[in-house]
J.: 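Below you'll find the structure I mean.
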Amino acid sequence: MFCPFCRHSDSRVIDSRTSDDGLSIRRRRQCPECGGRFSTTETASLSVIKRSGVIEPFSREKVVSGVRKACQGRPVTDADLAILAQKVEETIRATGASQIEANEIGLAILPSLRDLDEVAYLRFASVYQGFESLEDFEMAIADLRLQHARSLSDSADSAS
Ligand SMILES: [Zn+2]
């Protein structure tokens with residue numbers, strides 16, 4: 001990129017450091033022409049295509065606010081929600097995609113939320129997957145029971 005002071009077309013990196021969350025790199029640069037110093041931040045781009053077609057950057061805050069409603073009155077802390085949003089971002093980034101549909105975020109949220117709180121999970125799933133009847137809830141609950149049975153037999157296996 002151009003030097004912001006003199007528009008020289010080249011700059012030299014004098015320092016690079018990764019941010020604490022590991023998601024961005026900050027570089028300190030110096031212009032060889034005028035000696036001016038400036039910083040750049042580099043992040044892997046991840047954008048979300050909303051149902052309306054609007055594209056916006058992925059935001060963990062939006063994941064948290066989307067899930068928070070489903071967690072009202074449940075023993076879920078802000079820290080739990082922050083970890084959930086981080087897991088969701090990692091899951092999506094692991095696919096290698098730089099653009100995702102908004103509904104894929106919902107899909108990535110469901111398994112993490114199920115591990116966190118099953119009531120919140122049912123609430124979220126009912127809105128996100130558009131549950132229309134008691135049968136939809138019954139099927140989701142039957143799924144949860146199946147997961148429980150599996151995890152019980154898993155721990156029985158590892159104990160024997
Ligand atoms: Zn310069």
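Every number for a ligand or one of its atoms is a count from 1 in the order of the listing. All values derive from a computational prediction rather than experimental measurement. Just the heavy atoms: all of them, side chains too, but no hydrogens, waters or symmetry mates, feed the values below.
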J.: Counting no waters, what protein N/O/S atoms lie under 2.8 Å from the Zn ion (ligand 1)?
T.: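 For the Zn ion (ligand 1), the protein N, O and S atoms that sit under 2.8 Å away are C3 SG, C6 SG, C31 SG, C34 SG.
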J.: Have S16 and R26 got a donor and an acceptor in their side chains that come within less than 3.5 Å?
T.: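 Their side chains do not contain a donor-acceptor pair, so the 3.5 Å distance test is not met.
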J.: Under 3.5 Å, is there a donor-acceptor pair between the side chain of Y128 and the main chain of N103?
T.: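 Flag set: sc Y128 to bb N103 pair under 3.5 Å.
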J.: So if I apply the side chain to side chain contact (heavy atoms under 4.5 Å, CB included) rule between F38 and each of R27, Q30, M1, which one comes out positive?
T.: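 So the option named by the test is M1.
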J.: Any luck finding a side-chain donor-acceptor pair between S24 and T41 under 3.5 Å?
T.: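 No, no side-chain donor-acceptor pair sits under 3.5 Å.
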J.: With rounding to the nearest 0.5 angstrom, report the CG to CZ distance, L84 to R60.
T.: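 So the CG of L84 and the CZ of R60 are separated by 11.0 Å.
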J.: Hydrogens and angles aside, do D115 and S112 bring a side-chain donor and acceptor to less than 3.5 Å of each other?
T.: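 No, because no side-chain N or O of D115 sits under 3.5 Å from a partner of the opposite role on S112.
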